[in-house]
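For reference, the structure discussed in these notes is given below.
Start at 1 and go down the list; that is how both ligands and their atoms are numbered. Note that the structure is a prediction, hence the values are computed from the model and not measured.
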Amino acid sequence: MRTQVVIIGGGPSGLLLSQLLYLNGIENVVLEKHTKKYVLSRIRAGVLEQGTVNLLNKAGLGKRIKNEGFNHDGIFLSVKNHSFRIDFKSLVNKTVTVFGQTEVTADLYSVVEKDKGRIINSAKNVMPCDILTNKPYVTYEINGLDKKITCDFIIGCDGFHGITRQIIPKNKIKTFERIYPFGWLGILSETCPVNDELIYANHKTGFALASMRNKNLSRYYIQTSINDKVEMWDDDRFWFELKKRLPKDASERLVTGPSIEKSLAPLRSFVVEPMKFGNLFLVGDAAHIVPPTGAKGLNLAFSDVNYLYESLIGYFKNDDKNAIEQYSSKALNRVWKTIRFSWWMTNTLHKFPDQTEFDQKIQEAELDYLKNSIDAQKSLAENYVGLAF
Ligand code: APR
Ligand code: PHB
């Protein structure tokens with residue numbers, strides 16, 4: 001079989017790229033290791049930048065986000081149990097949309113699936129081959145049968161643990177990494193969210209975040225030790241700790257209930273350079289990871305999709321053979337700014353194990369500065385709503 005582009009990984013990045021290419025007449029196939037059910041069982045952040053919404057609109061998926069998403073004009077930051085608001089609308093005249101990432105992926109699946117055979121689920125042993133030649137191909141196994149697809153380009157949208165980054169020789173790439181010494185314990189509960197907008201709380205015992213999916217579905221997180229296990233946190237212990245860390249007024253009105261999902265996630269910043277090797281291109285989590293503070297994971301992955309999609313249109317449609325050479329540097333330029341912002345949010349809001357009273361005072365001063373400086377608030381707002389791409 002032959003196609004123009006083989007996309008490895010059917011998460012949000014792979015599906016969106018596939019749909020945008022398809023709408024522009026560029027043939028592609030998505031090879032996904034898992035079943036659709038498995039892909040849609042992963043719960044991830046739920047804040048969409050305007051650029052992300054615009055791109056989803058381009059892919060024909062704007063309607064549900066418009067009808068069911070919640071427009072948020074700002075967020076609250078809290079320190080020592082007192083909160084203040086960052087008003088994106090008045091600061092930078094932009095907003096964000098709260099809409100679950102799982103729903104974005106489900107919508108992407110339904111449009112990609114309409115075109116029979118474009119996505120192949122449960123593809124095993126997917127292997128990109130001959131990526132330094134102009135006749136690359138991908139081999140994989142399905143139902144015990146060996147298959148091969150030749151193409152012009154192979155795209156690695158296979159997440160942090162995927163195969164594509166791993167097949168690049170170590171001396172041809174450089175990786176940059178920071179592993180944070182704590183985790184996030186998140187729960188979903190069918191309760192009314194504690195606040196209309198998100199609250200990011202710095203507390204001397206650790207960070208907390210109040211988020212939501214809809215009017216009767218709350219999403220909360222607390223910072224925990226990196227060695228903790230979910231079993232160590234029954235619901236009562238979770239709610240007790242959350243209440244302690246949220247601003248006082250929010251704690252008083254917090255509605256608790258049984259959790260319907262509970263999971264622990266480590267925090268890491270990671271970047272690989274360059275994001276291209278021969279005719280293999282890396283996109284999204286395959287190339288970079290951000291800690292969830294600031295909800296940039298999906299948004300950053302989609303800005304890569306945008307740059308690559310423009311490059312591929314240049315190559316296939318506008319006879320601009322050079323367009324694809326610029327993908328990595330364009331994408332990385334924005335990646336590093338987002339890495340910086342989520343690192344800064346993480347550093348400012350979390351308690352580090354070796355944190356001294358001096359460090360705590362610095363964090364409090366930083367947040368007090370933010371509270372009182374419109375210029376500092378503008379910088380946060382500009383980054384939170386998403387830098388242009
Ligand atoms: N072969 C085929 N598919 C693979 C392979 C492989 N060897 N390895 C991984 N995959 C698939 C995974 O099963 C997953 O569905 O690639 C997909 C990668 O999806 P994500 O990890 O979600 O990565 P990405 O699409 O870049 O998403 C970026 O969305 O899911 C979030 O945390 C993620 O916020 C980030 C953003
Ligand atoms: C979420 O709703 O899951 C969420 C929101 C904001 C974040 C991280 C996660 O920064």
Side-chain angles (χ1 to χ4, degrees), residues 6-18 29-49 52 70 72 75 96-102 104-105 108-109 119-128 138-142 154-167 184 186-188 193 197-201 207-214 217-221 261 263 265 267-268 270 275 282-305 308 338 341-342 345-346 349 384:
V6 173
I7 298 170
I8 301 180
S13 305
L15 296 171
L16 178 62
L17 181 65
S18 168
V29 173
V30 181
L31 296 173
E32 166 58 48
K33 179 179 175 175
H34 291 290
T35 61
K36 173 181 174 184
K37 190 167 170 222
Y38 177 91
V39 173
L40 294 181
S41 66
R42 294 180 297 214
I43 298 181
R44 300 270 168 76
V47 178
L48 309 183
E49 296 173 0
T52 295
F70 298 91
H72 282 207
I75 52 168
V96 291
T97 304
V98 170
F99 186 77
Q101 181 174 323
T102 314
V104 171
T105 314
L108 279 165
Y109 244 103
I119 177 154
I120 298 170
N121 280 102
S122 307
K124 304 297 172 216
N125 299 324
V126 175
M127 187 54 66
V138 180
T139 56
Y140 64 100
E141 206 184 296
I142 191 115
I154 301 172
I155 318 296
C157 293
D158 49 349
F160 185 64
H161 301 287
I163 182 72
T164 55
R165 190 181 68 250
Q166 289 175 36
I167 63 147
W184 274 24
I187 68 159
L188 265 179
E197 292 177 337
L198 274 62
I199 307 173
Y200 290 84
F207 168 77
L209 168 61
S211 181
M212 67 204 69
R213 292 292 175 269
N214 60 48
L217 194 55
S218 305
R219 181 79 170 145
Y220 296 109
Y221 298 91
E261 193 267 350
S263 51
L267 274 75
R268 158 198 324 263
F270 174 89
M275 289 166 62
L282 301 178
V283 172
D285 278 19
H288 41 71
I289 295 286
V290 286
T293 337
K296 291 294 173 204
L298 178 76
N299 294 298
L300 187 56
F302 279 12
S303 82
D304 292 351
V305 169
L308 186 57
T338 308
F341 176 66
S342 49
M345 286 271 284
T346 304
L349 294 166
Y384 195 98

Run through all N or O atoms in ligand 2 and write down each protein N or O closer than 3.5 Å, as a pair with its distance.
from     : atom 1 : to     : atom 2 : distance (Å)
ligand 2 : 2 (O)  : Ser211 : OG     : 2.5
ligand 2 : 2 (O)  : Arg213 : NH1    : 2.8
ligand 2 : 3 (O)  : Arg213 : NH2    : 2.9
ligand 2 : 3 (O)  : Tyr221 : OH     : 2.6
ligand 2 : 10 (O) : Tyr200 : OH     : 2.7
ligand 2 : 10 (O) : Pro292 : O      : 2.8
ligand 2 : 10 (O) : Gly294 : N      : 3.1
ligand 2 : 10 (O) : Ala295 : N      : 3.1

Practice problem: Report the relative orientation of the aromatic rings in Phe207 and Tyr200; use parallel for angles under 30°, tilted for 30 to 60°, perpendicular for over 60°. | Solution: tilted
Quiz item: Could Lys33 and Tyr38 be counted as a cation-pi pair, given that NZ or CZ must be under 6.0 Å from the ring centre and within 45° of the axis?
Solution: no
Quiz item: Which protein non-hydrogen atom lies closest to atom 3 (N) of ligand 1, naming both residue and atom, and how far is it?
Solution: Lys33 N, 3.2 Å
Quiz prompt | Polar proximity ligand 1 side, His161 side, N/O cut 3.5 Å exclusive | solution = no
Quiz item: For ligand 1, does Gln101 get within less than 4.0 Å through its side chain, its backbone, both, or neither, judged by non-hydrogen atoms?
Solution: side chain
Quiz item: For atom 7 (N) of ligand 1, what is the nearest protein heavy atom, given as residue, atom name and distance?
Solution: Ile163 CG2, 3.5 Å
Quiz item: For atom 18 (C) of ligand 1, what is the nearest protein heavy atom, given as residue, atom name and distance?
Solution: Cys157 O, 3.4 Å
Practice problem: Check Val126 against ligand 1 and report side chain, backbone, both or neither, counting heavy atoms closer than 4.0 Å. | Solution: side chain
Exercise. Without swapping roles, check the side chain of Thr102 against the backbone of Arg42 for a donor-acceptor pair under 3.5 Å.
Key: yes
Quiz item: For atom 8 (N) of ligand 1, which candidate among Gly162, Pro128, Ala265 holds the nearest heavy atom?
Solution: Gly162
Practice problem: Return yes or no for this condition: an N or O of Leu298 is under 3.5 Å from an N or O of ligand 1. | Solution: yes
